[in-house]
Amino acid sequence: MPTKYQSILLIGPPGVGKGTQGKILGSIPGFFHLATGDMFRGLDKESEIGLEFTRYSSQGLLVPDFLTVRLWQQHLEQLIAKDMYSPERDVLLLDGIPRSEPQAEMMDDLINPFMIIHLVCEDIDEMVRRMQRRATEQGRPDDADESVIRKRFDVYREQTAPVLACYNDEIIANIDALGTQAEVLLRILSKIVPALSK
Ligand code: AMP
C-alpha cells in the first residue's frame, strides 16, 4: 500500500457543484469519489456519532476536526478492505475534506494531493437556489433553512477557504463553476488529464 493516498481535492463553497462533479468523475474507472457529507449522512442517525453529526450540521457548522479525520480514515480503511477503493488502482477524489486548516495538517501524512480543483462561483444567489432545490430533492435539513445556508457560507469563508493557502499554488486549478454540468466537467478534465500523464 502506498504511504500516502494519491488525491485530487475538490474545494468550493456549498452549492457550487462539488458533489455533482465528484459523482460524474467518480464514475470514470481509475477515480474514486469520497464525499465526507455522504459519509456522515450514511451513519446511523441514533448512534452517538450520528447524533453528533446532526447537532453540528443542522446549525451549518463543521463536525469537530479530530472526530472527522478519524472517521474518514476508518471509512477509507473499510472501503479498501471491501476493495471498493484501491490506492494502487484509483485516484481519490476528496469532496468536502480537508475543510479546515487543522484537518489539512492532520491529513498531511495520509494524502498526497497532486491537484486541487477549486470551484469558483461569485453568484451566491445561484448557489442558494441550488441548495434549496437539493433540500427538496434530498430532504437535507442543513439546506432547507436560509439562515443555516448563510451560516454555511460564513463557515466556508472563515474555515475552509484558508485551506487553499496550505498547498502549493501550482497545483491549484481555479474552475468557473457556472455553466452546464458538461461544460464544468470539460474544464475540470482539461486540468486533471494532463496532470495525470505527468
Ligand atoms: P456537505 O454534504 O459536504 O455539504 O456536508 C454536510 C455537513 O457535513 C457539513 O455542513 C458539516 O456539518 C459536515 N461535514 C462534511 N464534511 C466535513 C468536514 N470535512 N469537516 C467537518 N464537518 C464536515
Side-chain angles (χ1 to χ4, degrees), residues 5 7-26 32-45 47-79 92-111 113 116-121 124 126-167 177 184:
Y5 305 119
S7 307
I8 294 173
L9 310 186
L10 296 169
I11 296 191
V16 80
K18 299 183 297 296
T20 303
Q21 291 297 328
K23 279 195 193 86
I24 301 173
L25 291 163
F32 187 84
H33 174 227
L34 202 167
T36 38
D38 292 342
M39 172 189 82
F40 279 124
R41 281 184 291 275
L43 294 168
D44 172 1
K45 284 193 174 46
S47 66
E48 201 178 317
I49 189 160
L51 290 168
E52 190 86 340
F53 163 63
T54 305
R55 193 153 70 83
Y56 287 99
S57 64
S58 61
Q59 299 175 71
L61 301 174
L62 296 183
V63 178
D65 294 323
F66 183 73
L67 180 63
T68 299
V69 174
R70 197 187 54 191
L71 188 71
W72 172 82
Q73 205 175 348
Q74 286 169 356
H75 184 65
L76 202 59
E77 281 161 13
Q78 285 167 8
L79 291 167
L92 203 48
L93 292 164
L94 289 180
D95 164 1
I97 194 166
R99 213 154 165 148
S100 68
E101 288 170 291
Q103 288 182 19
E105 244 168 70
M106 278 182 236
M107 293 171 74
D108 234 13
D109 292 336
L110 304 171
I111 59 170
I116 295 177
I117 299 295
H118 175 213
L119 289 170
V120 183
C121 174
I124 300 225
E126 169 59 20
M127 288 187 284
V128 171
R129 272 195 298 277
R130 288 184 190 183
M131 291 165 82
Q132 286 171 330
R133 249 196 326 267
R134 184 166 74 180
T136 330
E137 286 163 10
Q138 300 175 7
R140 283 182 54 166
D142 55 340
D143 282 349
D145 183 315
E146 177 128 10
S147 69
V148 176
I149 292 181
R150 300 280 164 199
K151 181 71 195 166
R152 296 180 71 204
F153 280 111
D154 292 345
V155 167
Y156 177 77
R157 223 178 7 254
E158 288 159 19
Q159 291 177 260
T160 308
V163 167
L164 288 167
C166 299
Y167 300 102
V184 179

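Because the structure is predicted, anything quoted here is derived from the model rather than measured. Indexing begins at 1, ligand by ligand and atom by atom, following the structure's order.
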Taking CD in Glu48 as the centre, count heavy atoms belonging to other residues, nucleotides or ligands within less than 6.0 Å. Is the count above 12?
no
Please identify each residue that fulfils side chain to side chain contact (heavy atoms under 4.5 Å, CB included) with Gln59, with sequence neighbours left out.
Arg55, Leu61
Which donor-acceptor pairs under 3.5 Å do the side chains of residues 95-110 make with protein atoms, sequence neighbours left out?
from: Asp95; atom 1: OD2; to: His33; atom 2: NE2; distance (Å): 2.9
from: Arg99; atom 1: NH1; to: Gly96; atom 2: O; distance (Å): 3.4
from: Ser100; atom 1: OG; to: Asp65; atom 2: OD1; distance (Å): 2.8
from: Ser100; atom 1: OG; to: Gln103; atom 2: N; distance (Å): 3.2
from: Gln103; atom 1: OE1; to: Arg99; atom 2: N; distance (Å): 2.9
from: Gln103; atom 1: NE2; to: Asp65; atom 2: OD1; distance (Å): 2.9

What are the distances between nitrogen or oxygen atoms of ligand 1 and protein nitrogen or oxygen atoms, counting only those under 3.5 Å?
from: ligand 1; atom 1: 2 (O); to: Arg41; atom 2: NH1; distance (Å): 3.0
from: ligand 1; atom 1: 2 (O); to: Arg41; atom 2: NH2; distance (Å): 3.0
from: ligand 1; atom 1: 2 (O); to: Arg140; atom 2: NH1; distance (Å): 3.4
from: ligand 1; atom 1: 2 (O); to: Arg140; atom 2: NH2; distance (Å): 3.3
from: ligand 1; atom 1: 3 (O); to: Arg99; atom 2: NH1; distance (Å): 2.8
from: ligand 1; atom 1: 3 (O); to: Arg99; atom 2: NH2; distance (Å): 3.2
from: ligand 1; atom 1: 4 (O); to: Arg99; atom 2: NH2; distance (Å): 3.4
from: ligand 1; atom 1: 4 (O); to: Arg140; atom 2: NH2; distance (Å): 3.2
from: ligand 1; atom 1: 4 (O); to: Arg152; atom 2: NH2; distance (Å): 2.4
from: ligand 1; atom 1: 12 (O); to: Leu61; atom 2: O; distance (Å): 2.7
from: ligand 1; atom 1: 16 (N); to: Thr36; atom 2: OG1; distance (Å): 2.8
from: ligand 1; atom 1: 16 (N); to: Gly96; atom 2: O; distance (Å): 3.4
from: ligand 1; atom 1: 16 (N); to: Arg99; atom 2: NH1; distance (Å): 3.2
from: ligand 1; atom 1: 19 (N); to: Gly96; atom 2: O; distance (Å): 2.7
from: ligand 1; atom 1: 19 (N); to: Gln103; atom 2: OE1; distance (Å): 3.0
from: ligand 1; atom 1: 20 (N); to: Gln103; atom 2: NE2; distance (Å): 2.8
from: ligand 1; atom 1: 22 (N); to: Val63; atom 2: N; distance (Å): 3.0

Rounded to the nearest 0.5 Å, what separation is found between the CD atom of Glu77 and the CD atom of Gln73?
5.5 Å
Would you give the length of the straight line joining atom OG1 of Thr68 to atom CZ of Phe53, rounded to the nearest 0.5 angstrom?
10.0 Å
Listing, residues 15-23 side-chain donor-acceptor contacts under 3.5 Å, not counting sequence neighbours, or none:
from: Lys18; atom 1: NZ; to: Gly12; atom 2: O; distance (Å): 3.0
from: Lys18; atom 1: NZ; to: Pro13; atom 2: O; distance (Å): 3.4
from: Gln21; atom 1: NE2; to: Gln181; atom 2: O; distance (Å): 3.1

